[in-house]
Engineer: 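Have a look at this one.
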There are 2 protein chains.
Amino acid sequence: MMTPTESQQVLYSIGAVERDTGLTKDTLRVWERRYGFPTPLRDLHGERVYSHEQVEKLRTLKRLLDRGHRPGRIIDRSLAELVELADAAPAQAAAGELAEPLHALIALVRQHRVAELRQELGQAVMRQGLAGFLTDTVGPLNRAIGDAWMRGQLEIFEEHLYTETMQSTLRGAIASIPQHGRPPRVLLTTFPNEQHHLGLLMAEAMCALEGATCVSLGTQTPIFDIVMAADSHRADIVALSFSAAYPAVQVADGLEELRTKVPARVAIWAGGTNAGLQRRAIEGVRVIGGLAAVGPAIADWQAATGVA
Amino acid sequence: MMTPTESQQVLYSIGAVERDTGLTKDTLRVWERRYGFPTPLRDLHGERVYSHEQVEKLRTLKRLLDRGHRPGRIIDRSLAELVELADAAPAQAAAGELAEPLHALIALVRQHRVAELRQELGQAVMRQGLAGFLTDTVGPLNRAIGDAWMRGQLEIFEEHLYTETMQSTLRGAIASIPQHGRPPRVLLTTFPNEQHHLGLLMAEAMCALEGATCVSLGTQTPIFDIVMAADSHRADIVALSFSAAYPAVQVADGLEELRTKVPARVAIWAGGTNAGLQRRAIEGVRVIGGLAAVGPAIADWQAATGVA
DNA sequence: TCATCATGTTGTCTAGGACAAAAGATTGAC
DNA sequence: GTCAATCTTTTGTCCTAGACAACATGATGA
């Protein structure tokens with residue numbers, strides 16, 4: 001058996017750190033030059049070699065950047081201080097009073113009781129109805145899971161497990177919604193580099209529930225292909241999902257580019273937890289503020305187009 | 001109305017090309033230096049700007065590299081010649097005689113008839129049984145779709161549509177397999193940067209069919225987390241899936257690292273269409289050569305561990 | 001015929017320097 | 001005091017060109 005110290009003797013190349021943290025090699029090198037962190041060792045050939053601890057701190061930094069923090073302000077703090085910072089943030093937005101059932105679900109994730117988790121989620125759909133499940137369970141649960149992960153209360157693989165299980169649940173639920181082929185026809189996808197599939201599935205479920213005809217392209221469709229797909233499927237609405245981690249610049253740029261390339265008769269809707277959506281309004285793009293706003297938006301569309 | 005020439009005036013930055021092709025910035029620059037391709041223009045600030053045509057050729061090149069071609073040998077050829085090459089390759093491995101039903105399915109994808117595609121796939125599962133569906137339909141179909149895409153017969157969004165639909169079908173099928181909690185316990189996932197979810201689902205379906213207890217973490221789990229997850233779930237087998245596009249170096253490195261960190265009593269299995277798997281054997285890692293090999297592998301495991 | 005060795009080939013890493021875009025701070029007008 | 005415009009700082013991404021290890025290929029000899 002190895003001691004903890006020995007087992008932590010894991011070293012990462014700059015390429016490995018890029019993969020694990022989502023920070024590019026350029027950024028890693030320029031941070032080292034500017035801020036003096038990280039401070040990788042060098043191997044025989046003079047190449048950077050990162051310790052497990054540094055990678056851990058880099059991952060936490062990345063999460064905080066996604067929340068709007070700036071590297072220069074926080075990079076000097078210790079990992080413990082960063083975690084504290086992460087803890088403080090969600091407290092503002094109604095943290096403590098997580099509903100009891102949610103705690104139970106999180107507990108199942110942390111205890112790796114997959115079969116029970118799957119069953120509980122399935123039963124919750126039945127109990128609350130899909131719409132209630134989405135707004136009252138999935139939404140808050142996603143946030144709680146993300147927070148727990150950042151606080152170090154949840155490992156990455158536990159988050160993966162949750163995501164995978166929830167994906168199955170949602171797909172099962174979506175498959176059980178009868179599709180009549182009635183308008184509006186909604187095309188759902190995300191921009192390249194946006195991998196968050198759960199948000200997309202939630203949107204798809206919500207639209208299908210409201211009687212729309214949904215076609216999902218999955219995640220990461222190049223803009224030019226979204227345009228072609230909207231045309232091919234004669235979509236009435238193109239719906240995009242943006243997670244918190246997606247760069248705000250690319251949200252605005254992408255939506256503007258998409259708006260110019262897609263015919264005006266096709267509506268563009270954007271939703272998700274991304275902060276950039278609230279900041280600057282984009283002409284001809286409707287921002288959907290949460291799942292509850294999907295129903296009214298579809299009602300608006302039907303009213304505007306005179307569909308019975 | 002713009003002329004075709006004007007509308008093609010789409011220019012890509014080196015970062016955009018990296019995202020769209022999967023070739024790193026480093027590789028793009030070194031190719032330009034060494035082979036004289038690509039030959040991007042420069043913008044006002046001297047930064048590289050790639051034309052749509054060059055990006056197209058780069059994408060095709062990447063696909064050919066994934067098949068084992070070497071850049072120096074093929075980079076000078078025209079896009080048409082490359083496409084021809086892509087056409088010729090699968091001819092070796094039983095190309096022409098694609099079963100009739102597969103052609104019909106591909107036709108549905110190209111005509112964007114989603115509802116029918118979904119229904120046909122569901123019926124195929126019933127008709128062939130899940131095992132037959134996986135080996136005779138999904139496997140060949142994946143390859144055919146990939147080929148068609150490379151030949152320019154299929155747009156990216158059409159491939160996305162196929163993937164999304166197939167994912168729903170497979171998840172539905174997996175959900176319908178009763179799980180008894182019997183050994184072996186199989187943990188399924190992919191390495192970071194490996195996004196190909198379909199291969200993973202196919203593996204999960206196959207294992208579940210053979211009576212194993214499956215836990216999937218989805219794609220892109222850091223190696224350290226795979227180790228923790230294997231421990232938490234008391235996994236008997238860790239199964240990894242590698243698509244053709246995944247760099248062969250990272251396959252070998254990753255598997256070796258994983259082997260040293262996971263207890264010896266846990267088996268490591270690797271499968272998928274990645275060429276690197278065949279090249280060099282890794283001590284303590286079993287390479288699963290295709291879906292049909294899953295059954296025997298599980299039988300072997302059961303025999304070796306004396307499980308009835 | 002097969003193993004060993006030399007030769008290409010290829011991707012990834014190195015070093016600072018440069019600059020645009022966004023965020024933050026300051027100023028001035030009403 | 002509030003808001004808009006301008007200045008300053010911060011920050012990520014791009015630039016050049018050299019180096020080298022890992023792998024594939026071809027040549028050599030047993």
Side-chain angles (χ1 to χ4, degrees), chain A residues 11-19 21-37 40-50 58 61-62 64-76 193 245-253 256 275-276 279-280, chain B residues 11-19 21-37 40-50 58 61-62 64-76 193 245-253 256 275-282:
Chain A
L11 297 177
Y12 301 81
S13 73
I14 193 169
V17 177
E18 176 179 39
R19 281 195 302 278
T21 64
L23 298 162
T24 69
K25 295 177 194 128
D26 275 326
T27 301
L28 288 167
R29 284 193 276 254
V30 93
W31 279 10
E32 183 181 341
R33 204 196 313 165
R34 286 200 189 130
Y35 311 120
F37 182 88
L41 304 174
R42 298 296 178 132
D43 68 7
L44 300 165
H45 314 295
E47 303 195 349
R48 291 173 176 78
V49 165
Y50 297 82
L58 286 168
L61 280 169
K62 176 61 166 50
L64 288 167
L65 293 202
D66 293 341
R67 289 216 176 174
H69 287 272
R70 307 184 63 181
R73 295 268 153 197
I74 56 174
I75 203 166
D76 287 329
N193 259 16
Y246 201 74
V249 199
Q250 289 179 38
V251 176
D253 284 4
E256 262 165 6
R279 257 208 302 261
R280 178 162 53 113
Chain B
L11 298 176
Y12 301 81
S13 72
I14 195 169
V17 177
E18 176 179 41
R19 278 197 299 277
T21 64
L23 298 162
T24 68
K25 296 178 193 120
D26 276 329
T27 302
L28 288 167
R29 285 194 274 255
V30 93
W31 279 10
E32 183 182 339
R33 206 196 310 168
R34 284 199 190 129
Y35 311 120
F37 182 89
L41 304 173
R42 298 296 178 128
D43 67 6
L44 300 165
H45 316 293
E47 304 196 348
R48 292 173 176 77
V49 165
Y50 297 82
L58 285 168
L61 280 168
K62 176 61 164 51
L64 288 166
L65 293 202
D66 293 342
R67 291 215 177 169
H69 287 272
R70 306 183 65 181
R73 296 269 154 200
I74 55 174
I75 203 165
D76 287 330
N193 257 20
Y246 201 74
V249 197
Q250 289 178 36
V251 175
D253 283 4
E256 262 166 6
L277 287 174
Q278 316 303 334
R279 259 211 300 263
R280 178 163 53 112
I282 293 154

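Note that the coordinates shown come from a computational prediction; the quantities given were computed from them, not determined experimentally. Order of the sequence lines sets the chain letters (A, B, ...), proteins ahead of strands, with each chain counted from 1.
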Engineer: Can you tell me how far P of D:dG12 sits from CD1 of A:I75, to the nearest Å?
Structural biologist: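 Whole-Å distance recorded here is 8 Å.
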Engineer: Can you see if the side chain of A:K25 gets near the phosphate of C:dC13 - specifically, an N or O under 4.0 Å from OP1 or OP2?
Structural biologist: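 Yes.
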Engineer: Where each residue is assigned the nucleotide of DNA chain C containing its nearest heavy atom, which of B:R73 and A:R42 is assigned the position nearer the 5′ end?
Structural biologist: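 Of the two residues, B:R73 wins.
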Engineer: Starting at atom CG of A:L28, determine the distance to atom C1' of C:dT14, rounded to an integer number of angstrom.
Structural biologist: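 Interatomic distance, CG of A:L28 to C1' of C:dT14: 14 Å.
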Engineer: Both A:H45 and A:G72 contact DNA chain D. Which one's nearest nucleotide lies toward the 5' end?
Structural biologist: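 The residue mapped nearer the 5' terminus is A:G72.
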Engineer: With a 3.5 Å cut-off and heavy atoms only, can you find an N or O donor on one side and an acceptor on the other between the side chain of A:R33 and the base of C:dG16?
Structural biologist: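 Flag set: donor-acceptor pair detected.
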Engineer: Between A:L65 (CG) and C:dA23 (C1'), how many Å, whole number?
Structural biologist: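 Rounding to the nearest Å, CG of A:L65 and C1' of C:dA23 are 14 Å apart.
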Engineer: Can you tell me the distance, in whole Å, between the CZ atom of A:R34 and the P atom of C:dG16?
Structural biologist: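 One finds 14 Å between P of C:dG16 and CZ of A:R34, rounded.
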Engineer: Does the base of D:dG12 carry an N or O that pairs as donor and acceptor with the side chain of A:R29 under 3.5 Å?
Structural biologist: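 Under the 3.5 Å cut-off, the side chain and the base do not form any donor-acceptor pair.
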Engineer: Within this structure, what is the CD-to-C1' distance between A:E32 and C:dA15, rounded to whole angstrom?
Structural biologist: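 Interatomic distance, CD of A:E32 to C1' of C:dA15: 11 Å.
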Engineer: Quick one: is B:Y35 getting a side-chain N or O under 4.0 Å of the C:dT9 phosphate, OP1 or OP2?
Structural biologist: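 So the side chain of B:Y35 is outside the cut-off, no N or O lying under 4.0 Å from OP1 or OP2 of C:dT9.
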Engineer: Between B:T27 and C:dT12, does any side-chain N or O lie under 4.0 Å from OP1 or OP2?
Structural biologist: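 Answer yes for this pair, as a side-chain N or O of B:T27 is under 4.0 Å from OP1 or OP2.
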Engineer: Do B:R48 and B:R42 come close enough that some side-chain heavy atom pair is under 4.5 Å?
Structural biologist: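 Yes, side chains in contact.
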Engineer: Could one point to a donor on the side chain of B:R70 or the base of C:dG11 with an acceptor on the other under 3.5 Å away?
Structural biologist: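 Answer no: no donor N or O sits under 3.5 Å from an acceptor.
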Engineer: Without decimals, in angstroms, what is the distance between A:D26 CG and C:dA15 P?
Structural biologist: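 Distance, rounded to whole Å: 13 Å.
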Engineer: Can you tell me if the side-chain N/O atoms of B:T24 get under 4.0 Å from OP1 or OP2 in C:dT12?
Structural biologist: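 True: B:T24 side-chain N/O within range (under 4.0 Å) of C:dT12 OP1/OP2.
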Engineer: Rounded to whole Å, how long is the line connecting atom CG of A:L23 with atom C1' of D:dT13?
Structural biologist: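 Going from CG in A:L23 over to C1' in D:dT13 covers 13 Å.
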